[in-house]
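Everything numeric here is computed off the predicted structure, so don't read it as measured data.
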Amino acid sequence: MSDVFVDALRYPFADRARVDGTATCLVALLVGGTLLRLAARLWPDLTFLAPALAAVVPLVVFLGLVGGVLAGDGFPPLATTETLRLAGRVVGVAAVYLLPAAVTVVAVGYVTATGSIPAVLTGVTTAMLATVALLVTVVCAYLFPAATAVSVHEGLRAGLRRDALRGAASGTYFFAWVGAAVLVVLAWSALAATISRSVAALLALGWCAYAHVAAAALVAEGVGRTTLW
């Protein structure tokens with residue numbers, strides 16, 4: 001398993017095409033982040049909609065590029081229907097697998113903040129609700145990459161079928177998911193910690209682009225191996 005992890009870490013810089021693809025991911029994040037920061041400054045004026053909507057374009061590019069890596073096909077060409085198709089599949093699977101976790105976390109957060117537990121949940125403590133929210137989030141986050149890997153390779157419908165989760169039963173996938181989760185969590189943590197500082201934020205964006213590409217390569221390899229426990 002260690003060789004799989006090392007190969008994934010090397011993936012973004014393995015050859016010129018991958019270096020260019022990773023750099024494009026960074027540019028997409030940089031442009032999208034700049035537009036979102038501009039939108040935040042314009043809020044609540046309605047003019048914030050212009051940069052906010054424009055930020056969708058680099059986001060689609062980023063998701064399409066990472067989706068190509070996740071499919072095991074490498075970075076797709078820019079400005080093509082393939083990039084748009086891959087991004088759409090990633091978004092479609094995310095909506096199905098991550099929405100329940102988001103709704104659960106928001107609901108538990110509201111109940112915890114207000115201290116008002118619904119009557120149907122009488123006897124349930126906020127600690128128990130927080131545990132449930134954590135479990136739902138972990139399960140959704142664990143299944144999401146496996147389903148997405150199938151979706152970007154075989155189509156959105158294939159990614160939403162139960163068979164798409166077969167790769168999640170692989171021991172290799174479990175270790176790949178752990179490694180990918182560490183990379184992504186560290187990337188987002190660094191970005192959140194440096195969001196207000198220009199130079200540090202730029203470095204964090206570079207790490208974010210690298211981490212997502214490496215994580216996608218790691219998950220693709222984990223899904224591709226189906227040796228069960």
Minimum heavy-atom distance between Tyr97 and Gly159, given as atom pair plus value: OH-O, 4.0 Å
Note, Phe75 side chain near Val213 side chain (heavy atom, < 4.5 Å): yes
Side chain Trp177, main chain Ala141, donor-acceptor under 3.5 Å: yes
Test item: Thr83 side-chain N/O and Pro77 main-chain N/O as donor-acceptor pair under 3.5 Å: yes
Separation between CZ of Phe144 and CG of Leu165, rounded to the nearest 0.5 Å: 12.5 Å
Minimum heavy-atom distance Leu98-Cys140, with the two atoms named: CD2-O, 4.3 Å
Single-linkage hydrophobic cluster, 4.5 Å side-chain cutoff, Tyr11 and Leu65 together: yes
Donor-acceptor under 3.5 Å (Thr22 side chain, Pro12 main chain): yes
Check: His153 and Asp73 side chains under 4.5 Å, non-hydrogen atoms: yes
Leu183 and Leu9, any side-chain heavy atoms less than 4.5 Å apart: yes
CZ on Phe62 to CG on Leu26, rounded to 0.5 Å: 9.5 Å
Cluster check Trp43, Leu38: I/L/V/M/F/W/Y, side chain < 4.5 angstrom: yes
Hydrophobic cluster of Val138, others only, ordered by chain and residue number, side-chain cut-off 4.5 Å: Leu134
Atom pair CZ/CG of Arg89 and Leu63 - distance to nearest 0.5 Å: 14.0 Å
Inter-residue atom distance Leu156.CG - Leu86.CG, 0.5 Å rounding: 11.5 Å
Student check: side-chain heavy atoms of Leu30 and Leu202 closer than 4.5 Å: yes
Value rounded to 0.5 Å, distance of CG in Leu49 from CG in Leu42: 10.0 Å
Identified side chain to side chain contact (heavy atoms under 4.5 Å, CB included) partner of Pro58 from the options Thr24, Val27, Val31, Leu29: Val31
Within one Ile-Leu-Val-Met-Phe-Trp-Tyr cluster: Val66 and Val219, side-chain cutoff 4.5 Å: yes
Beyond-backbone contact of Leu36 with Pro51, side-chain heavy atoms, under 4.5 angstrom: no
His212 and Val184, any side-chain heavy atoms less than 4.5 Å apart: yes
hydrophobic_cluster_shared for Leu84 and Val56, side chain cutoff 4.5 Å: yes
Joint cluster assignment, Val90 & Tyr173, ILVMFWY side-chain distance < 4.5 Å: yes
Pair Phe5 + Phe175: ring centers closer than 6.0 Å: no
Thr104 versus Pro100, closest heavy-atom pair with distance: OG1-O, 2.7 Å
Residue pair Val223 / Ala149: nearest heavy atoms and the distance that separates them: CG2-CB, 3.9 Å
Shortest non-hydrogen contact between Ala8 and Ala214, atoms and distance: O-CB, 3.4 Å
Side-chain donor/acceptor of Tyr142 to backbone N/O of Val178, under 3.5 Å: no
Rounded distance [0.5 Å steps], CG in Leu203 versus CG in Leu191: 11.5 Å
Nearest non-hydrogen partners of Ala220 and Leu70, listed with the distance: CB-O, 3.3 Å
